[in-house]
Amino acid sequence: MTPGTPPAKGGRRLNIAEALREAIAEEMRHDEKVFLIGEDVGVPGGFGGAFGVYLGLTEEFGHERIIDTPISEKAIAGAAVGAALMGMRPIPDLQYSDFLFECMDELVNQAAKMRYMSNGRLSVPMVLRCPVGTANRGAQHGQCPESYFVHVPGLKVVCVSDAYHAKGLLKSAVRDDDPVIFFEHKLLYGSKGREQAGGMDLTAYVPEEEYLFPIGRAVVKREGTSVTVVATHMSLYRSLAAAEELARDGIECEVIDPLTLLPLDEETIFASVRKTGRLVIAHEDTLTGGWGGELAARVAEECLFSLEAPIRRVASHDVPLPVAPVMEQTVVPSVARIKAAIQSCCGG
Amino acid sequence: MTPGTPPAKGGRRLNIAEALREAIAEEMRHDEKVFLIGEDVGVPGGFGGAFGVYLGLTEEFGHERIIDTPISEKAIAGAAVGAALMGMRPIPDLQYSDFLFECMDELVNQAAKMRYMSNGRLSVPMVLRCPVGTANRGAQHGQCPESYFVHVPGLKVVCVSDAYHAKGLLKSAVRDDDPVIFFEHKLLYGSKGREQAGGMDLTAYVPEEEYLFPIGRAVVKREGTSVTVVATHMSLYRSLAAAEELARDGIECEVIDPLTLLPLDEETIFASVRKTGRLVIAHEDTLTGGWGGELAARVAEECLFSLEAPIRRVASHDVPLPVAPVMEQTVVPSVARIKAAIQSCCGG
Amino acid sequence: MSSDTRVPSAEPGSEPGTTEVDAYHGLELYRRMLLIRRFEERVYLVYLQGEIPGTLHQYQGQEAVAVGVCDVLRRTDWITSTHRPHGHALAKGVDLRAAMAELYGKATGCCGGKGGSMHLGDPSVGMLPAIAIVGGGNTVVTGLGLAFRLMHTDQVAVCFFGEGASNEGAFHEGLNFAAVQHLPIVFACENNLYGASTPFHLTSLVPDVAARAAAYGVRGEIVDGMDVLAVREAAGRAVADARAGAGPILLELKTYRFAGHSRGDVRGYRSREEEALWKGRDPIVRIRERLALTLAEDVLDATDAGVEAALDDAIEFARQSPLPRAEDALTDAYATVISREPTP
Amino acid sequence: MSSDTRVPSAEPGSEPGTTEVDAYHGLELYRRMLLIRRFEERVYLVYLQGEIPGTLHQYQGQEAVAVGVCDVLRRTDWITSTHRPHGHALAKGVDLRAAMAELYGKATGCCGGKGGSMHLGDPSVGMLPAIAIVGGGNTVVTGLGLAFRLMHTDQVAVCFFGEGASNEGAFHEGLNFAAVQHLPIVFACENNLYGASTPFHLTSLVPDVAARAAAYGVRGEIVDGMDVLAVREAAGRAVADARAGAGPILLELKTYRFAGHSRGDVRGYRSREEEALWKGRDPIVRIRERLALTLAEDVLDATDAGVEAALDDAIEFARQSPLPRAEDALTDAYATVISREPTP
Ligand SMILES: Cc1ncc(C[n+]2csc(CCOP(=O)(O)OP(=O)(O)O)c2C)c(N)n1
Ligand SMILES: Cc1ncc(C[n+]2csc(CCOP(=O)(O)OP(=O)(O)O)c2C)c(N)n1
Ligand SMILES: [Mg+2]
Ligand SMILES: [Mg+2]
């Protein structure tokens, strides 16, 4: 199967949790240097990770390669960095992205800089998996901190939105020689059933055969000519929903899932913006200093004279996350807000 | 003295280290709730902080209010958050900004969110002082991590470039009820003499009388009509130097020091961009995901049709910092790079 | 238990004049523990009915700790709490209705619906919004102690945390800093044997968290966390010492959570025998049995009924309370707002 | 010292077959310590002459630690180091010229001029780029130990760190994780009494870092860090145990830095008496005196001269070496570059 081929309809369908599990199992079989490390990842009778992604893996790979740790995020990240420096390919797990702030030194000062400081003689092949996204858990269990990592030279940053790309990208990330921070949205795992994601189908076609999807490549999820919409995770699906609604009014959105935020696939996005002349960016990370700003800045530098309207960003408002659903839904980008931004961008 | 009045020529001149020391002493006299906490801040016979800012303060205020800590950044930041929650006004010190990554949880998850989680019943009045900037110390002692904090709702972020504003802003920050991250550039303290900053005069007029300079207000350092240049710290001075050189070619730069990055003084900046139609942003923090992107995005949204040229950003390249001067100077924005960006922006 | 007839302390904040507890005081301890137990059980039921959003980390089994410790605190003393804060909140005196309404995400909640289950708190009774980052309170609490010292008050702060948190760097930095600064803090470690699904012995070669106190020159003490009187006695000494300037103390309260880690946890990682063993030490059963020696059965029954009535009332209050306004989400990030507010 | 005539080990990486050290081996230990001492002294001079950019944290006084520990390591064993790495680098076998050139910021430096004084290292001799974040190595080293175990090698990792670092959360998390995983790691704490200007007693109520080992079920041992033979002996046992699978060990090496914390430190925070006391324990003087009992004076003098010649050569090499190219700054952030590179 050619890398990068978009998923066809039909065939075997998996949810993201299943696709990630399969990717991990394949990579662990393929390379004995791959191992898992984190809290509650392999305890017998336990959770198989905070979102069940690892269920069943210890049966095949044992506790030697699926390592349960103390609640010590610095040790988890530090151990991953050190093992990667020795040529291993660790997959550390961080339960919730909110806990990334406990091991920023290991990520920003060590993982991202070791290769450079060694003048290219060492590298740090690791993939840190982190669930993001709001799910009624409040200020310290729902953040989408992707943008902090987009700002770290030496890291790569991936956000996956469906099972096909989740599997292909995780496999590429494990084989990549650089440290990758791999963000998954809690409401999209599919392990908890569809109601959490508002009834969306959380499965995608995932071929039986092995495939990789390359880091650094965006995909066009919906073609259109009126406006380019770039969005990740839940915001992607909300953008697609907005696009369907707007199509009725004759606004044809081209919706792009960047998949990799660092490095960003400028080629695909710029080509679309040059075609449509309009850009809306949607993400659940907060607005100010979010990655949408970086994308807007690049477009304002590279495609300024293609723009027929101001670039609009739709993001979580600049506040911590409240827990009450009525407030929470006000903070995160809704279909309505995305739709309004697209309309205003299209002069509506 | 009216808040915000720009420094006149002549009069008493201080460097930034002296101005900060004076601000701290005044605030400690003014409010007994103000105290200092950090590593090596008050040890008898010690350094008076990594850059000598506190020299002499223990003599007046004693070790009760100038607290030397273990090398425990989480404890320093956590203690500051906790004390601030109880109504104190701590000024924690972090020696080098690079060590911020050791206490991100305390800053991002606690300091910035406590007020919100308490429904506005508590607040966190603290000022974390952090030296930034390249000075031949390599990858872990020269970062400018301002942009990470610009992305944290609940924090305020200040960057000071001269003694007058350093003093006035530090005093405002101490009195502010929100947590402020206060960034100072190592080469601008003036405590080490002028040669480090390439012979620049590192003093500014600082009135004897007490004054405050408000958070959230930018200053126009140089008026001009051809292009707006927004820059902080060393990049500000390099921009001013570039502006002088370009004036000979008839390019008149309006150079703005934003001073506060969060919240940003959009009014001043947008007004300038609407006048000049051109924007160049310069900062020593790295390019991708840097605060310049946020500013560019806002201008691309709010002033798009005023723009006569693409927005240009000049920033540190997206690599860790090398130590060899020839490489280091390649990474950080130079006068030449800023000049080239302005020229290209002005169609040169 | 003595037959002393001093007036029972009606609410948390009563000064422990003695380590002895009379029957009326014992009854009050029982009532508070039962309130927590029944709060958790009833909350779970309404959660299952979809009335409460998000997730829950519950406190059944550990009631003796929260109640025993908070009983020796004054209202002006402060506590920090964790992802599992319901018991601490009720023990420290957060209004029952306001706590319940917060779980419901209502405007009348103790955090106006912004905090939720994991961030219960109320400054007016000396409880910070609970910190749901494991170990998060262990550094923040040092600032409370520092403030008390700088303000020359005789307040004390208590940091509740789990044995799992004792493996976080924050535990180390917080305890060490408190020690060198002689801060008036009690570090109260609830060792319930598990951090989520992980048994402590997989994550520490020393079985007792209290043994770690020596690394900081701090006194560590192991306490039966299933016995509210034992907890109260040890906490009383610890708090009195801290208040007197003797510096921090680490109490390790051996306890057990009867429920899973969070809602939906089927507890496959521990045996039913182990659970039964600990159930046999139920702190509420224990104190009820002791009280029954001196108090008439109907006094106890009336207490039980009172608890149930209070919970009926709190749930009804929460149900009837208004939702927050959508736009309330956008306030309170800052005390002083300089920039324009975003529009919803 | 024995009069055994085994061939002296010519370079770090020799297996310690015995805890005894013969005269030739002793001479080699002396030579390495002297090399470090004279390296630091000469580097300081050329630094003052403006030949070296940035700052320096120097190692005079602590040489017995680096040399004693690294002497019992194999080339395939790894070390992590700190902001004060010159001694560790030379002891582990980083090429003298390459180390010197790195301080000069030259292309021939062991990190190509990208690392500098605080990041000396060389994978080919088992030294990571030194980590200048205090405590930074204490978590990263666990990954080295984990990798060795997963790869079923018998390698050992040594983490050098200061007593100041023992107050960082990283110390706690790293040592605890290493303990529960039984990793082959020696945590070598150089207790030189100060962290920058701050005396340890201001930052810890326990005077011995080794005492903290008990909190993790780990063996802690105090060693005279001013006696290279004592260091070598203790490190030899520790490394052998770790290699044999006994898990991590915490060695505390009591030592002293003769120089200031970094260049320009006038050491106002400590007394000249204290300095004189420790100067009296100079580890180089001590071993030279012992060697003089069995070796002729001219053997020692020749060794001294050899050290000086090597340093002359290294400085000359560094001076003559080319600068890195400006554009080299932009490579090596990534192993696999996907995006366009920025242009200088
Ligand atoms: C820094 C951090 N890491 C991980 C988690 C996820 N988590 C929540 S509770 C928990 C277990 C905590 O165990 P313990 O401290 O013993 O408290 P208990 O749940 O037993 O009350 C974990 C791992 C978290 N909230 N914060
Ligand atoms: C996380 C962090 N905090 C602070 C510093 C600044 N700093 C550099 S060295 C040092 C003292 C370290 O003391 P110790 O660990 O005893 O090592 P020594 O310098 O004595 O070798 C400090 C505070 C740092 N580099 N990293
Ligand atoms: Mg527990
Ligand atoms: Mg030291």
Side-chain angles (χ1 to χ4, degrees), chain A residues 73 98-110 112-113 115-117 138-140 143 145 147-154 262-264 281 285-305 307 309-313 316-322, chain B residues 73 98-110 112-113 115-117 138-140 143 145 147-154 262-264 281 285-305 307 309-313 316-322:
Chain A
E73 286 75 16
D98 310 71
F99 314 153
L100 278 162
F101 299 109
E102 291 288 10
C103 55
M104 289 296 274
D105 181 72
E106 281 73 11
L107 300 176
V108 177
N109 279 333
Q110 317 309 337
K113 295 184 170 49
R115 183 181 167 79
Y116 191 81
M117 298 193 306
Q140 298 176 337
Q143 293 168 83
S147 305
Y148 296 99
F149 299 91
V150 168
H151 188 49
V152 187
L262 182 68
L264 199 61
I281 306 164
D285 198 349
T286 52
L287 181 75
T288 297
W291 62 262
E294 177 63 29
L295 174 55
R298 293 201 198 178
V299 168
E301 176 151 10
E302 303 290 340
C303 319
L304 185 74
F305 299 116
L307 287 176
I311 300 169
R312 297 268 180 241
R313 290 179 292 158
S316 282
H317 289 304
D318 287 335
V319 292
L321 281 169
Chain B
E73 286 75 17
D98 310 70
F99 314 153
L100 279 163
F101 300 110
E102 290 288 11
C103 54
M104 290 295 274
D105 182 71
E106 282 73 11
L107 301 175
V108 177
N109 279 333
Q110 316 308 337
K113 295 182 171 49
R115 182 179 167 80
Y116 191 82
M117 296 192 309
Q140 296 176 340
Q143 293 168 84
S147 305
Y148 295 100
F149 299 92
V150 168
H151 188 50
V152 187
L262 182 66
L264 199 61
I281 305 164
D285 198 348
T286 50
L287 180 76
T288 297
W291 62 262
E294 177 63 29
L295 174 55
R298 292 202 199 177
V299 169
E301 175 151 9
E302 303 291 339
C303 319
L304 185 75
F305 299 116
L307 288 176
I311 301 169
R312 297 268 180 238
R313 290 179 291 159
S316 282
H317 289 304
D318 287 335
V319 293
L321 281 169

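Chain letters run A, B, ... following the sequence lines, proteins first, then strands; residues in each count from 1.
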Please report the shortest heavy-atom distance between B/His151 and A/Asp285, naming the atom on each side.
NE2-OD1, 2.8 Å
Heavy-atom nearest pair, A/Val319 first then A/Thr286, reads O-CG2, 4.1 Å
Quick check for you: among B/Ala297, B/Pro310, B/Ala139, which has the greatest number of heavy-atom pairs under 4.5 Å with chain A?
B/Pro310
Against chain A, label B/Gln143 side chain, backbone, both or neither, depending on which of its atoms sit under 4.5 Å from a heavy atom there.
side chain
For A/Glu73, is it the side chain, the backbone, both, or neither that has a heavy atom closer than 4.5 Å to a heavy atom of chain B?
neither
Which residue out of B/Ala112, B/Gly154, B/Gly290 racks up the most heavy-atom pairs below 4.5 Å with chain A?
B/Gly290
For B/Val152, is it the side chain, the backbone, both or neither that has a heavy atom under 4.5 Å from a heavy atom of chain A?
both
Heavy-atom pair with the smallest gap, counting every atom of B/Phe101 and B/Tyr148
CZ-CE1, 3.5 Å
Proximity breakdown for B/Phe149 and chain A, heavy-atom pairs closer than 4.5 Å:
neither
Identify, with sequence neighbours excluded, every residue that meets side-chain contact (heavy atoms from CB on, under 4.5 Å) alongside A/Leu321.
A/Thr134, A/Val331, A/Val332
Restricting to ring pair (Phe, Tyr, Trp, His ring centres under 6.0 Å), what partner residues turn up for A/Tyr116, sequence neighbours left out?
none
B/Cys303, B/Pro145, B/Ala309, B/Gly138: which one forms the most heavy-atom pairs within less than 4.5 Å of chain A?
B/Ala309
Need one label for B/Arg313: side chain, backbone, both or neither, based on atoms under 4.5 Å from any heavy atom in chain A.
both
Step by step, would you call A/Ile311 with B/Leu304 a side chain to side chain contact (heavy atoms under 4.5 Å, CB included)?
CA-CA 8 Å; A/Ile311 300 169; B/Leu304 185 75; 5.7 Å; no
